[in-house]
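Notes follow the structure.
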Amino acid sequence: LLQPAVSVGNVGQLAIDLVISTLDMTKVGYFYTDCLVPMVGNNPYATAEENSTELSINAEVYSLPSKKLVVLQIRSPFIKNKYRPFCETLLSWVKSSKCARVVLLSSSHAYQRDDEQLLGTPLRYLLTPDLEKAVGGRMKELNWKEMEKVAAYPGISDTDKVLHIPGGGITKLLFTESCSEGIQMAVLLKFCSEGDNIPDAFVLVNYLNEWLQLIKSESNNSTDSSSQWKIPSSWRLLFGNGLPPALF
């Protein structure tokens with residue numbers, strides 16, 4: 001199961017858009033929940049006039065049996081105080097559906113990094129203990145950096161270290177719950193700032209592809225390999241329409 005955390009810059013959701021659009025995944029259902037702000041819109045992956053009028057809602061499930069991949073796309077923010085019920089519902093669905101692994105795409109505020117996190121790549125990963133046994137070696141082969149724990153009381157005590165993901169939405173809660181429930185989960189995240197986050201989405205989806213090989217990578221350079229991903233039609237309206245000339 002591949003899914004986004006609704007986090008800073010909506011990077012995970014944009015990356016999921018690229019996966020669904022490029023792999024031409026089939027919508028197989030909805031994830032019904034009262035934890036998300038209600039939303040309805042046109043088909044974000046429309047390729048022709050015939051399928052542009054299909055409706056889409058705030059949480060939908062897509063499938064690609066050939067790659068044993070299921071994707072949950074979340075399109076609206078969480079209602080206040082509904083993080084925990086959503087995580088409980090999601091993890092019980094993961095168990096009942098017998099998902100082998102969960103990959104969560106997320107992001108975190110770039111301006112809240114500590115000194116150690118400022119060095120090197122802006123990409124990080126986290127693995128639950130159950131998944132660490134299975135793929136920990138692969139992450140080391142890829143030279144990936146694990147998300148650092150930071151001091152719980154900076155300046156007072158540096159011995160107590162905690163996982164801190166500012167701007168990460170449900171990331172930390174979902175990860176810690178998965179650890180305690182024995183669910184195999186990986187979190188892939190990028191440090192970023194709000195703005196035009198399309199480049200961040202390409203970087204994150206290429207990071208995911210390094211590991212899972214969803215599409216054949218023609219280049220090792222993440223900037224060059226952006227062209228391999230199919231941009232969905234809905235991205236044309238990401239920033240709304242241009243300024244009306246009548247203003248001037």
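In this text, all values refer to a predicted model and were calculated from it rather than measured experimentally. Atoms considered below: every heavy atom in the structure, side chains included; atoms not considered: hydrogens, waters and symmetry mates. Position 1 is the first residue of the sequence, and the numbers go up from there.
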Going by heavy atoms in the side chains, are Gln13 and Gln73 under 4.5 Å from each other? yes
Just so I know, are the side chains of Ile170 and Cys87 near enough to count as touching, which here means a heavy-atom distance under 4.5 Å? yes
Working for side chain to side chain donor-acceptor pair (under 3.5 Å), residues Ser107 and Ser7: CA-CA 6 Å; Ser107 49; Ser7 51; 2.7 Å; yes
Residues in ring-ring contact (aromatic ring centres under 6.0 Å, His included) with Phe78, at least two apart? Tyr83, Phe86
Under 3.5 Å: donor-acceptor pair, side chain of Ser106, backbone of Thr171: no
With sequence neighbours excluded, residues passing ring-ring contact (aromatic ring centres under 6.0 Å, His included) with Tyr45: Tyr62
What's the verdict on side-chain contact (heavy atoms from CB on, under 4.5 Å) for Lys67 and Leu64, showing C-alpha distance, side-chain angles and the deciding distance? CA-CA 6 Å; Lys67 290 194 182 287; Leu64 188 64; 3.9 Å; yes
Is it true that Glu148 and Lys161 have a side-chain N and a carboxylate O under 4.0 angstrom from each other? no
Would you name the heavy atoms of Ala15 and Val205 that are closest together and state the gap between them? O-CG2, 3.8 Å
Counterpart residues, salt bridge (Lys or Arg N to Asp or Glu O under 4.0 Å), relative to Lys82 (two or more places apart): Asp34
Strictly below 4.0 Å, N to O, side chains only: are Lys27 and Glu54 in salt-bridge contact? no
Does any N or O in the side chain of Ser56 come within less than 3.5 Å of the main-chain N or O of Asn42, such that one atom is a donor and the other an acceptor? yes
Sorted by chain and residue number, the ring-ring contact (aromatic ring centres under 6.0 Å, His included) partners of Tyr111 (sequence neighbours excluded) come out as His109
If hydrophobic clusters are built by linking Ile, Leu, Val, Met, Phe, Trp and Tyr wherever their side-chain heavy atoms come under 4.5 Å apart, do Val11 and Ile231 end up in the same one? yes
Are Leu123 and Met147 connected, step by step, through hydrophobic side chains (Ile, Leu, Val, Met, Phe, Trp, Tyr) whose heavy atoms are closer than 4.5 Å? no
Just so I know, are the side chains of Lys95 and Glu181 near enough to count as touching, which here means a heavy-atom distance under 4.5 Å? yes
If you link I, L, V, M, F, W and Y whenever their side-chain heavy atoms are under 4.5 Å apart, who else ends up in the same group as Ile57? Tyr30, Val40, Leu55
Sequence neighbours excluded, the answer for side chain to side chain contact (heavy atoms under 4.5 Å, CB included) partners of Asn58 is Leu36, Met39, Ser76
Apply the test side-chain contact (heavy atoms from CB on, under 4.5 Å) to residues Leu104 and Leu174: give CA-CA distance (whole Å), side-chain angles for both, the deciding distance (0.1 Å), then the verdict. CA-CA 9 Å; Leu104 183 69; Leu174 203 54; 4.0 Å; yes
Report yes or no: does Asn51 contribute a side-chain atom to a donor-acceptor pair with the main-chain N or O of Thr47 at less than 3.5 Å? yes
Rounded to the nearest 0.5 Å, how far apart are NZ of Lys172 and CD of Glu177? 12.0 Å
Below 4.5 Å, heavy atoms only, C-beta onward: do Asn43 and Ser52 meet side chain to side chain? no
Single hit among Met25, Lys230, Glu60 for side-chain contact (heavy atoms from CB on, under 4.5 Å) with Ile20: Met25
Take a 6.0 Å sphere around CD of Gln213 and say whether it holds more than 12 heavy atoms from other residues, nucleotides or ligands. yes
Could you tell me which residues satisfy ring-ring contact (aromatic ring centres under 6.0 Å, His included) with Trp93, sequence neighbours excluded, listed by chain and number? Phe31
Testing the basics here: between Val28 and Ser63, what is the closest heavy-atom pair and its distance to 0.1 Å? CG1-CB, 3.6 Å
Rounded to the nearest 0.5 Å, what separation is found between the CD atom of Gln184 and the SG atom of Cys179? 11.5 Å
May I ask whether Phe191 and Leu188 are part of the same hydrophobic cluster, defined by side-chain heavy atoms of I, L, V, M, F, W, Y residues being less than 4.5 angstrom apart, directly or through others? no
Going by chain and number, the hydrophobic cluster around Val8 (ILVMFWY, side chain to side chain under 4.5 Å) further includes none
Verify side-chain contact (heavy atoms from CB on, under 4.5 Å) between Arg124 and Val187, making sure each step is shown before the conclusion. CA-CA 8 Å; Arg124 294 290 185 278; Val187 175; over 6 Å; no
Please determine whether residues Val94 and Val61 belong to a single hydrophobic cluster, defined as Ile, Leu, Val, Met, Phe, Trp and Tyr linked transitively by side-chain heavy-atom distances below 4.5 Å. yes
Checking side-chain contact (heavy atoms from CB on, under 4.5 Å) against Leu212, which of Leu208, Ile215, Asn209 comes through? Leu208
With distance as the sole test, does Thr33 use its side chain to make a donor-acceptor pair with the main-chain N or O of Cys35 at under 3.5 Å? yes
N/O donor-acceptor pairs under 3.5 Å from side chains in residues 129-139, not counting sequence neighbours:
{"residue": "Arg138", "atom": "NH1", "partner": "Glu141", "partner atom": "OE1", "Å": "3.3"}

Could you name each residue pair satisfying side chain to side chain donor-acceptor pair (under 3.5 Å) that touches residues 185-205, not counting sequence neighbours? Lys190-Asp200, Asn197-Asp200
Working note: Leu105 + Tyr207, criterion side-chain contact (heavy atoms from CB on, under 4.5 Å); need CA distance, chi angles, decisive distance, verdict. CA-CA 10 Å; Leu105 299 184; Tyr207 187 54; over 6 Å; no
Residues two or more places apart in sequence or in another chain: which of them pass salt bridge (Lys or Arg N to Asp or Glu O under 4.0 Å) with Asp17? none
Taking every non-hydrogen atom, the tightest pair across Ser108 and Leu189: CB-CD1, 4.3 Å
Straight-line distance of Leu90 CG to Glu88 CD, nearest 0.5 Å: 11.0 Å
For the atom pair CZ (Arg101) and CE (Met185), what is the distance rounded to the nearest 0.5 Å? 13.0 Å
By salt bridge (Lys or Arg N to Asp or Glu O under 4.0 Å), which residues pair with Lys149, not counting sequence neighbours? none
Using the benzene-type ring in the case of Trp, are the ring centres of Tyr125 and Trp211 under 6.0 Å apart? no
Shortest non-hydrogen contact between Thr22 and Leu18, atoms and distance: OG1-O, 2.7 Å
Would Leu163 and Val150 show up in the same hydrophobic cluster when neighbours are defined by side-chain heavy atoms closer than 4.5 Å? no
Heavy-atom distance under 4.5 Å between the side chains of Leu1 and Leu69, does that happen here? no
Distance check, rounded to the nearest 0.5 Å: Leu14 atom CG versus Leu204 atom CG? 10.0 Å
Between Leu72 and Leu2, is any pair of side-chain heavy atoms under 4.5 Å apart? no
Which distance, rounded to the nearest 0.5 Å, do you find between the CG of Leu214 and the CG of Leu23? 6.0 Å
